[in-house]
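Numbering of ligands and ligand atoms starts at 1, following listing order. A quick note: this is a predicted structure, and the numbers were derived from the prediction, not measured.
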Amino acid sequence: MSNLDLMQLIKGRVQSLKAYHVENIDCEIKLHANENPFPPPPEILKLFEDVFKTSDLNRYPDPDCRLLKQTLSKRLGVIPENLAIGNGSDELIQILLQVFCDLGDTVGFPDPTFAMYAIIAQGMGLKSLTHPLDDQWDFKAEPFLESLEASGARIAFLSYPNNPTGNCFSGSEVQKVIENFSGIVVVDEAYHDFARKTFLSELPRHNNLIILRSMSKIGLAALRVGYAVADPAIIAQINKIRLPYNLNTVSQNLTDRLLNHFAPVQQQIDTLLAERSRMIDALSKFGQLTVYPSDANFVLFRVEQDSAALYKRLMDKDTLIRDLGSHPRLKNCLRVTIGTPAENKSFLEQMAHIIK
Ligand SMILES: *Cc1c(COP(=O)(O)O)cnc(C)c1O
């Protein structure tokens, strides 16, 4: 029998970490995780059945994701050597930090932004340099660049659009960061399909630029697929760190089929874009809250009452959104994902009821 003091064996920076809390409350209406509320349409599901029949489940996956990379290359107008596939883009964020950062190095990003940059950095013994966003949730390149350079930051992360604020930063300022930073610039385009703005065309001119994309927000969150587009020299280093079979066969092949039959998914996206403006209009009419513009599939808003109380009242009505009020810049702010028309209608009715 062994009864060691396990905590003494755990390294300090892991002990001091808090587990990333993922809401997994069973609610009828889930508007908290920026997922696509629509399941894959029937014609896509038919294609998926075929994948199960033809995938060699007794064999290891293709370690190079060749089929998926071919499909992505065509869609993006890049070569397969420009691509790395991750088990979600979260995994790629972790791999990038492993590739570019030594213990104690600094990574920089605006604040507030996607929480995983800081969480993954902390777990790896890296320092986070945060640059406060202005009241429009935007930033100026010059002071950001100054603090990046002063701290010797190795990587800057720019979520574009930014989660959880919803906006795209000024293109000209992002451009300046890409052009002038002496480290790596990661433009995280997880919400690209809802923003339709990208820095992809800058890749040939800037070998320090990495674009991240994800399948999670457009209907395949369960499959965990993300990808990086970058200079082949960077991809080659990622491939040294990446575990050989990081993306399973089913995820590779289902993603490939979906991308080759994207029209019904594009219809879902178009519906969500129409719903986004409807949601923003309706929320703005409540008067007692501030609604921020959105280029993504979610909307950030600030209420006059306690956001935690509003969050709980919605949850009592079986509706789950995100309460961001614990962040000092996001006091009484909540984030709601754009759902189906019926879900949005129900959410807005509950809001009308609660706010009155
Ligand atoms: C959701 C999200 C991701 C993570 O996507 P996965 O592919 O599911 O890991 C990355 N960046 C931002 C900004 C996100 O909001």
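Cation-pi geometry between Arg322 and Phe298 is not satisfied (NZ or CZ under 6.0 Å from the ring centre, within 45° of the ring normal). Both the sub-6.0 Å distance and the 45° axial angle are not jointly satisfied by Arg154 relative to the ring of Phe100.
Of all the heavy atoms of Ser89, the ones lying under 4.0 Å from any atom of ligand 1 are found in both the backbone and the side chain. Looking at Asp90 against ligand 1, both its backbone and its side chain come within 4.0 Å, counting heavy atoms. If you look at Lys217 next to ligand 1, the close heavy atoms, those under 4.0 Å, all belong to the side chain.
Each of the following atoms of ligand 1 lies closer than 4.0 Å to a heavy atom of Ser216: 6 (P), 7 (O), 8 (O). Below 4.0 Å from some heavy atom of Ser159 lie the following atoms of ligand 1, by number and element: 13 (C). Remark: ligand 1 atoms within the under-4.0 Å shell around heavy atoms of Gly88 are 6 (P), 7 (O), 9 (O).
For the pair Lys176 and Glu173, the salt-bridge criterion is met [side-chain N within less than 4.0 Å of a carboxylate O]. Ion pairing of Asp323 with Arg335 is absent here, as no side-chain N (NZ or NE/NH1/NH2) approaches a carboxylate O to less than 4.0 Å. A salt bridge links Arg278 and Glu275; the closest N-O separation between the charged side-chain nitrogens and carboxylate oxygens is under 4.0 Å.
Distances shorter than 4.0 angstrom do not occur between any heavy atom of Met116 and any atom of ligand 1. Taking a 4.0 Å cut-off on heavy atoms, Asp188 registers as neighbouring ligand 1. In this structure, Met215 has no heavy atom closer than 4.0 Å to ligand 1.
In this pair, Tyr117 and Phe109 present their aromatic rings tilted. The plane angle is within the 30 to 60° band.
Nearest protein neighbour of atom 15 (O) of ligand 1, counting heavy atoms only, is Tyr191 OH, 2.6 Å.
Outside the 6.0 Å centre-distance limit, the rings of Phe301 and Tyr292 are not counted as a close aromatic pair.
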